[in-house]
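Below is one structure; the comments refer to it alone.
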Amino acid sequence: MAIQGLETNFNDYDVLLNECVNQRAVREGQRVHAHMIKSCYLPPVYLGTRLIVLYVKCACLGDARKMLDEMTLRNVVSWTAMISAYSQRGYASEALNLFVQMLRSGTEPNEFTFASVLTSCTGGSWLDLGRQIHSFVSKTSFESHIFVGSSLLDMYAKAGRIHEARQVFECLPERDVVSCTAIISGYAQLGLDEEALELFRQLLTEGMVPNHVTYTSLLTALSGLAALDLGKQVHSHVLRSKVHSYVVLQNSLIDVYSKCGNLAYSRRVFDSMTDRTVISWNAMLVGYSKHGMGKEVVELFNLMREENKVKPVSVTFLAVLSGCSHGGMEDKGLGIFHEMEKGKYGAEPEMVHYACVVDLLGRAGRIDEAFDFINKMPFAPTPAIWGSLLGACRVHSNFEIGEFVGRRLLEVEPENAGNYVILSNLYASAGRWEDMRTIRELMKEKVVIKEPGRSWIEIDQILHTFHASERTHPRREEVKTKLMELSVKFKEVGYVPDLSCVLFDVDEEQKEKILLNHSEKLALTFGLIATPEGLPIRVIKNLRICVDCHNFAKIFSKFYGREVSLRDKTRFHRIVGGICSCGDYW
DNA sequence: TTAGGGTTAG
């Protein structure tokens, strides 16, 4: 049917609008709409709603909203189509405002409305409103509806309220792959990786059939755990199933291999992809960057620009700049930063990029330049920026700037123990013992220990976790005895425990004991006794590795001829024959 | 006619 012969009646309009919706023909729909206006035809609710649906499906939100506003009579579908359009595109406040307007108008929401509007309550700041909607939902029959329930549990999970999310999940009268994935992903996104993995296994035994989204969420957890064998298992599963070509899933595979220290596998996945999003490039660049592979970072960035299919974004530059910094390509990194400033890439440098430059200059020993750079930045420096410069002052023994920065940091970030340690060590190296003692005293009063250290190692698909106060591992006594033995052997070949790494005010003997109990030493020692001779040992630590453990690992690698791959909070340390890929700067 | 879960960085 064409516009020319269009009659001003419901049936003609209805047939034509249906065709438009099916073919996503928004122009044609707009012409039909214009015809209605010209003919002074006031569309009934059904046709008005049909137009809203058409506009929403063709991403013309402005037209859709105009239509809704023009309608004198609206039904639950007209409201819900608009609310869900806002929700899906991330316009949370518009969606919520409209929901409130809908209630005021006296229209009863249905399960579609609740499922939509609750997805706009994610992100923490809307949680209070989300709770109110939840209590509203409980008074209706929709509480047990699976779509509404999935939205609800996802809302709680994204706000960090995983127990409430779990409660909603447990109360669902039925489960499907989406609700199962939502709860698994909730755990994974909060870094509760072991819980995510355990729940995945449990739900699998209960009959869940995972799809590409479930595998993507599971891979997030496996990345956090650096569970290489499990990651490979998921990969082969994915290859045998129909879901292997989803880009998001492949991006997660790049990430899992890179976080497990296996960049060759990451690159193989990356190269095999026919379509890549900016996240595929970013994941690969971040992988190289965390391994300190500056040359590869720059080459891949150049390739990305040559291909010119996707535009680099903020995270891309973060990876490129930090890759240049960790990979000893300071001038290249500085060059790219200056090009960003000049607008070459269409992405303005942000605070994180400035922080990368400070790190880059500091690492290269260009402390004065870094200090000048901070003072000229268009932002007020963050504690992380000062912290990065303080670290550089420690490594390059710059007392003057170090003292200034350290004092500054104690004011803005009094709870961070690392700052006190570096500053007191700076004083010690300058022979200013009185100042050193004052700083140590100050530290005792103010420091908050946020997260206890833990390290883990994967052997035959089993993750073995160690804490400083190790009481749980079945082979802990054997590990501790072996570790004592290593300490004696290593001292004979030059290992001197670095007691300045200990934050507690105890005697030297006690300090040495504390150091020897650091979780990464326990995990490393377990790796030695639990894996065949000569094989590389892969340890993961949740915090930044301390100088003493780093020294210990270097001697360990040389003594036993074992390659040690140690992933800490910020990067990978690949230690071969006593030499670390980080160049002793991290 | 309207609905729920996913990837990089910090």
Side-chain angles (χ1 to χ4, degrees), chain A residues 14 17-18 21-22 45-54 56-57 64 74-85 87-88 102 109-120 122 142 145-155 157-158 165 168-169 172 175-186 188-189 210-220 223 243 246-256 258-259 266 276-287 289-290 312-322 350-353 355-356 382 384 569-570:
Chain A
D14 185 34
L17 280 182
N18 266 333
V21 171
N22 291 339
V45 187
Y46 182 88
L47 287 184
T49 306
R50 210 75 191 107
L51 272 166
I52 293 179
V53 170
L54 170 70
V56 163
K57 287 200 166 145
R74 301 162 193 168
N75 63 16
V76 61
V77 183
S78 357
W79 286 104
T80 304
M82 196 68 235
I83 290 170
S84 88
S87 280
Q88 284 172 359
M102 171 182 174
N110 63 13
E111 66 273 36
F112 290 77
T113 327
F114 285 125
S116 294
V117 78
L118 284 167
T119 60
S120 276
T122 53
F142 304 124
H145 191 280
I146 194 156
F147 279 49
V148 179
S150 311
S151 282
L152 257 178
L153 81 85
D154 190 52
M155 173 188 88
K158 290 215 169 81
V168 175
F169 179 72
L172 285 175
R175 290 169 182 175
D176 65 359
V177 64
V178 176
S179 49
C180 290
T181 305
I183 189 72
I184 292 168
S185 129
Q189 282 169 5
N211 64 16
H212 68 287
V213 183
T214 325
Y215 285 125
T216 303
S217 299
L218 176 65
L219 285 170
T220 303
S223 290
V243 300
Y246 286 95
V247 175
V248 177
L249 180 53
Q250 288 177 308
N251 292 346
S252 287
L253 283 167
I254 296 175
D255 183 56
V256 80
S258 129
K259 293 229 171 86
S266 293
R276 300 185 189 106
T277 62
V278 69
I279 293 178
S280 328
W281 292 92
N282 290 351
M284 197 66 234
L285 286 165
V286 167
S289 167
K290 293 225 169 189
V313 295
S314 175
V315 177
T316 319
F317 292 103
L318 197 62
V320 171
L321 294 174
S322 99
E350 298 159 23
M351 179 57 98
V352 282
H353 305 117
C356 281
T382 57
K569 199 169 188 172
T570 55

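To find a chain, count down the sequence lines: A is the first, B the second, and so on, and within it residues start at 1.
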Within the pair [X] and [N], is there a side-chain N or O less than 4.0 Å away from OP1 or OP2?
{"X": "Ser84(A)", "N": "dA3(B)", "answer": "yes"}
{"X": "Lys259(A)", "N": "dA9(B)", "answer": "yes"}
{"X": "Thr49(A)", "N": "dT1(B)", "answer": "no"}
{"X": "Lys158(A)", "N": "dG6(B)", "answer": "yes"}

Legend entry - Check against side chain to side chain donor-acceptor pair (under 3.5 Å), Asp255(A) and Ser252(A): CA-CA 5 Å; Asp255(A) 183 56; Ser252(A) 287; over 6 Å; no
Inset, instruction - Give a yes or no answer on whether the side chain of Thr181(A) reaches the backbone of Val177(A) with a donor-acceptor pair at less than 3.5 Å. - result: yes
Going by atom types alone, do [X] and [Y] pair a side-chain donor with an acceptor below 3.5 Å?
{"X": "Asp176(A)", "Y": "Ser179(A)", "result": "yes"}
{"X": "Asn75(A)", "Y": "Ser78(A)", "result": "yes"}
{"X": "Ser120(A)", "Y": "Ser87(A)", "result": "yes"}
{"X": "Ser151(A)", "Y": "Asp154(A)", "result": "no"}

Between [options], which one does the side chain of [X] approach most closely?
{"X": "Asn110(A)", "options": "dT8(B), dA3(B), dT2(B)", "answer": "dT2(B)"}
{"X": "Ala115(A)", "options": "dA9(B), dT8(B), dA3(B)", "answer": "dA3(B)"}
{"X": "Lys290(A)", "options": "dT8(B), dG10(B), dG5(B)", "answer": "dG10(B)"}
{"X": "Lys57(A)", "options": "dG5(B), dT8(B), dT1(B)", "answer": "dT1(B)"}
{"X": "Ile146(A)", "options": "dT2(B), dA9(B), dG4(B)", "answer": "dG4(B)"}
{"X": "His212(A)", "options": "dG6(B), dG4(B), dT2(B)", "answer": "dG6(B)"}

Sugar-phosphate, base or nothing in reach of [X], heavy atoms under 4.0 Å:
{"X": "Val177(A)", "value": "base"}
{"X": "Ile83(A)", "value": "nothing"}
{"X": "Lys569(A)", "value": "nothing"}
{"X": "Tyr46(A)", "value": "base"}
{"X": "Ser179(A)", "value": "base"}
{"X": "Thr214(A)", "value": "base"}
{"X": "Asn75(A)", "value": "base"}
{"X": "Gln88(A)", "value": "sugar-phosphate"}
{"X": "Val352(A)", "value": "nothing"}
{"X": "Gln189(A)", "value": "sugar-phosphate"}
{"X": "Thr119(A)", "value": "sugar-phosphate"}

Legend entry - Between CD on residue Gln250(A) and OG1 on residue Thr277(A), distance to nearest 0.5 Å: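 Spacing of CD (Gln250(A)) from OG1 (Thr277(A)) equals 10.0 Å.
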Whole angstrom value for the distance that separates [atom2] of [N] from [atom1] of [X]:
{"X": "Leu118(A)", "N": "dT2(B)", "atom1": "CG", "atom2": "P", "answer": "19 Å"}
{"X": "Asn251(A)", "N": "dT8(B)", "atom1": "CG", "atom2": "P", "answer": "9 Å"}
{"X": "His353(A)", "N": "dG10(B)", "atom1": "NE2", "atom2": "C1'", "answer": "11 Å"}
{"X": "Asp154(A)", "N": "dG6(B)", "atom1": "CG", "atom2": "C1'", "answer": "10 Å"}
{"X": "Trp79(A)", "N": "dA3(B)", "atom1": "CH2", "atom2": "P", "answer": "17 Å"}
{"X": "Phe317(A)", "N": "dT8(B)", "atom1": "CZ", "atom2": "C1'", "answer": "15 Å"}
{"X": "Ile279(A)", "N": "dG6(B)", "atom1": "CD1", "atom2": "P", "answer": "13 Å"}
{"X": "Phe114(A)", "N": "dG4(B)", "atom1": "CZ", "atom2": "C1'", "answer": "14 Å"}

[N] base to [X] side chain: any donor-acceptor pair below 3.5 Å?
{"X": "Asp176(A)", "N": "dG4(B)", "value": "yes"}
{"X": "Ser151(A)", "N": "dG4(B)", "value": "no"}
{"X": "His145(A)", "N": "dG4(B)", "value": "no"}

